[in-house]
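Chain letters run A, B, ... following the sequence lines, proteins first and then strands; every chain starts at 1. Predicted model, so just to flag it, every value in this text is computed and none were measured.
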Amino acid sequence: MSKSNDELFKNVISHAKEYGFVFPSSEIYDGLSAVYDYGQFGAELKNNIKTYWWKSMVQMHENIVGIDSAIFMHPKIWKASGHVDGFNDPMIDNKDSKKRYRADQLLEDKIAKYEKDGKTAKAESLQSAMDEALKNEDLPKLKDLIVEHEVVCPVSGTRNWTDVRQFNLMFSTQFGAMAEGSDEVYLRPETAQGIFVNFLNVQKTGRMKIPFGIAQIGKAFRNEVIARQFILRMREFEQMEMQFFVRPGEEMKWYAYWKEARLKWHLALGTATEKYRYHDHTKLAHYANAAVDIEFEFPFGFKEVEGIHSRTDFDLSQHQEFSGKKMQYFDPELNADGKPYGNYIPYVIETSIGLDRMFLLTLVNSFEEQELSEGDKTDSRTVLRLHPCLAPVKAAVLPLTKKDGLPEKAKEIMDRLKLDHNLIYEEKDSIGKRYRRQDAIGTPFCITVDHQTLEDNTVTIRHRDSMEQERVPASELERIIGDLVSWKNLLGS
RNA sequence: GCGGAAAUAGCUCAGUCGGUAGAGCAUCAGUUUCCCAAACUGAAGGCCGCGGGUUCGAAUCCCGUUUUCCGCUCCA
């Protein structure tokens, strides 16, 4: 990270705290590692990002519906999804090189070496011993095998190993008040499974026809080995994701469609195109046949914000196998041969965006420290150039002074407009200072009531980005502000 | 998890040789001004991250711990 970017990121974090966007969790008790709370303006901004996503995905697509599934799910689901196996890795550290490895991978490498050297018998005996140990989750045995077969660290070349430890990335808790006899359940490590297990419910009750999508916004939990970089990687995080069910064989068409559509969603907010890039996966997860990340250039480099994955029929097939319920769809449409497509397990295209990352992206991208000095008068301001639809506060109503009946007039306007929008009323301090305070939280418009208002019932609207003002009739305010912050501006583009 | 750095007011930071804590900005009350950080007066705000130790005495020295940042590592 370059020094200026480092500074920028630190300033954004300070700003986020100082102006009530993000606080460290449990701060008065020294905080809890990698857990953060959203403050008064942060919660508003986050809600607006959710609304933008939900409206874009659900409201704007007649064939996409939204659900809200529970965080607790049947433990078998995580066996079916592969998380119980995939999220449990036996790890071992080399004390000299300080490198960490997956114990089973070190042994796999050793087996490969034995085979290459023609020591087939040794390879086979190690393989079966390792499989046995992994199956029984016998960690000391894995360590013994590493010692016995003289596995060395590829970096340091030494055999100075720690014990093998299990890293479970899923949080677990006891289901049922009595610890004894209760079952262990996991906090979901992803929201996707809540959609897959409701596939039949939604399809049937919603009379959904393929292709169709199910969207969801919700919390997920991962016990990351290391969680850092502010709210970029947290142990408790929120996902906004949509699973789009398609006919087998048509998945690549829809993959391409969503890849493009999702980037458009980001760019519609006005972010510079060069801040984004696609990152195509070459190494695919076990369930995917194509995957791409949409990455944003944070001050500390390009990082994944959203993923678009072609998940094939892996998840639904797994649930069909583990639950014994048929996860099929009957497609009555006629194919090229004039026959119905018939029964099949749909293929799935997933779009999954990290809400907290999108929040951080929005903060970083809108944060600007402007130099406004003129002549010998030094001046500057910090402004969040948020899209009006995302801004926590849509407008501030400000009487120019505290007397001459201006506050009364301003409150009258405030009472009318607050029926539609989240507003702030403020009469303390000079007008310039109040403008700057609103800039700092990204309020796009300031409505100023002055002496002329009392004469002809006009007010000024001061625009955050240009700092310019226009005078409009107070009676027109509802329409004008309504138009300026309307979702139409964002969804229509 | 390893290594490095840091932690003092809401924010950014100063604090000398170990002698009971300061600035700027922000906040609150008031006077004055009235369209882009005005000025003045006053107030509030601190277990110097936490816990031990050394010392007559610790923000300061030592040990531990927590949290954060950076680099590794991890991220099916």
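Across all strands shown, B:U60 remains unpaired; no Watson-Crick or G-U wobble contact has both distances below 3.5 Å. The base-pairing partner of B:A29, taking Watson-Crick or G-U wobble contacts with both distances under 3.5 Å, is B:U41. As the counterpart of B:G22, B:C13 is assigned, both hydrogen-bonding distances of the Watson-Crick or G-U wobble pattern falling under 3.5 Å. Across every strand in view, B:U68 sits in a pair with B:A5 that passes the Watson-Crick or G-U test at under 3.5 angstrom. In this structure B:U73 sits in no base pair that meets the Watson-Crick or G-U test at under 3.5 Å.
Residues meeting the side-chain hydrogen bond (donor to acceptor under 3.5 Å, both in side chains) test with A:Gln40, sequence neighbours left out: none.
Comparing A:Lys402 and A:Asn11 by the nucleotide of RNA chain B whose heavy atom lies nearest to each, the residue mapping closer to the 5' end is A:Asn11. Residues A:Ser430 and A:Arg437 each lie close to RNA chain B; by heavy-atom proximity, the contact nearer the 5' end of the strand is made by A:Arg437.
For the P atom pair drawn from B:U32 and B:U41, the interatomic distance equals 16 Å after rounding to whole Å. A gap of 16 Å separates the P atoms of B:C28 and B:G45, to the nearest Å. As rounded to the nearest Å, B:C40 and B:G52 have P atoms that lie 45 Å from one another. Comparing B:A58 with B:U20, their C1' atoms sit 10 Å apart, to the nearest whole Å. Only the C1' atoms considered, B:A43 is 40 Å distant from B:U54, to the nearest whole Å. For the P atoms, the distance from B:U8 to B:A38 is 28 Å, rounded to whole Å. Nucleotides B:C36 and B:G49 place their P atoms 43 Å apart, quoted to the nearest Å. Distance check on atom P: B:U67 versus B:G51 gives 16 Å, rounded to whole Å.
Nucleotide B:C11 holds its C1' atom 14 Å from the CD atom of A:Glu7, rounded to whole Å. The NE2-C1' distance, from A:His15 to B:C25, rounds to 14 Å in whole Å. As rounded to whole Å, 14 Å separates atom P of B:G30 from atom NZ of A:Lys403. We find that CD1 of A:Ile13 is positioned 17 Å from P of B:U67, with the value rounded to whole Å. Whole-Å rounding puts the A:Gln452 CD to B:C34 C1' distance at 15 Å. Atom CD in A:Glu18 sits roughly 13 Å away from atom C1' in B:C13 (whole-Å rounding). With rounding to whole Å, A:Glu371 atom CD is found 12 Å from B:A37 atom C1'. For A:Met234 and B:C75, the CE to C1' distance is 15 Å, given to the nearest whole Å.
Ring orientation note: the planes of A:Phe21 and A:His15 are close to parallel, at an angle under 30° on the 30°/60° scale.
For the pair A:Val348 and A:Phe244, the minimum side-chain heavy-atom distance is 4.5 Å or more. Side-chain contact between A:Ile431 and A:Cys446 is absent, with no heavy atoms from C-beta onward closer than 4.5 Å.
At the heavy-atom level, A:Phe230 lies under 4.0 Å from the strands shown only through sugar-phosphate atoms. Using a 4.0 Å heavy-atom cutoff across all strands shown, A:Thr448 reaches at least one base atom of the nucleic acid. Contact annotation for A:Asp450: base contact, defined as any heavy-atom pair under 4.0 Å involving a base atom. In this structure, A:Ala291 reaches neither bases nor backbone, as no heavy-atom distance under 4.0 Å exists between it and the strands shown. At the heavy-atom level, A:Gln469 lies under 4.0 Å from base atoms of the strands shown. Using a 4.0 Å heavy-atom criterion, one finds that A:Glu190 contacts the bases of the nucleic acid, with or without backbone contacts as well.
No hydrogens or angles were tested; on distance alone, nothing pairs the side chain of A:Arg462 with the base of B:C35 as donor and acceptor under 3.5 Å. With hydrogens and angles ignored, a donor-acceptor pair under 3.5 angstrom links the side chain of A:Ser380 to the base of B:A37.
Heavy atoms from other residues, nucleotides or ligands lying under 6.0 Å from OH of A:Tyr278 number more than 12.
Taking every side-chain heavy atom of A:Tyr36 into account, B:C69 is the closest of B:C69, B:C35, B:A37. Nearest to the side-chain atoms of A:His83 among the listed nucleotides B:A76, B:G49, B:U27 stands B:A76. Considering only the side chain of A:Lys428, B:C28 comes nearest among B:C34, B:C74, B:C28. Across B:C69, B:C35, B:G49, the shortest atom-to-atom separation from the side chain of A:Lys10 is found for B:C69.
Dashed line: the shortest gap from a side-chain N or O of A:Lys17 to OP1 or OP2 of B:C11 is under 4.0 Å. Residue A:Lys433 places at least one side-chain N or O under 4.0 Å from the OP1 or OP2 atom of B:A26. Neither OP1 nor OP2 of B:C11 sits under 4.0 Å from any side-chain N or O of A:Ser14.
At a threshold of 4.0 Å, the pair A:Lys411-A:Asp415 does not count as salt-bridged, since none of the basic side-chain nitrogens sits closer than that to a carboxylate oxygen. For the pair A:Glu412 and A:Lys409, the salt-bridge criterion is met [side-chain N within less than 4.0 Å of a carboxylate O].
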All N/O pairs under 3.5 Å across the protein-nucleotides 21-24 of chain B interface:
none

Polar-atom pairs under 3.5 Å, protein N or O versus N or O of nucleotides 40-45 of chain B: list them with distances, or write none.
none

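Taking each heavy atom of A:Phe23 and A:Lys17 in turn, the nearest pair found is CE2-O, 3.5 Å.
In summary, the aromatic rings of A:Phe298 and A:Phe300 are positioned with their centroids under 6.0 Å apart.
A salt bridge (Lys or Arg N to Asp or Glu O under 4.0 Å) with A:Asp429 holds for exactly one of A:Arg437, A:Arg436, A:Lys402, A:Arg434; it is A:Arg437.
For the residue pair A:Ser14 and A:Asn11, no side-chain donor N or O sits within less than 3.5 Å of a side-chain acceptor on the partner. In the model, A:Thr191 has a side-chain atom that pairs as donor or acceptor with a side-chain atom of A:Glu241 under 3.5 Å. Residues A:His83 and A:Gln193 have side chains that never bring a donor and an acceptor to within less than 3.5 angstrom of each other.
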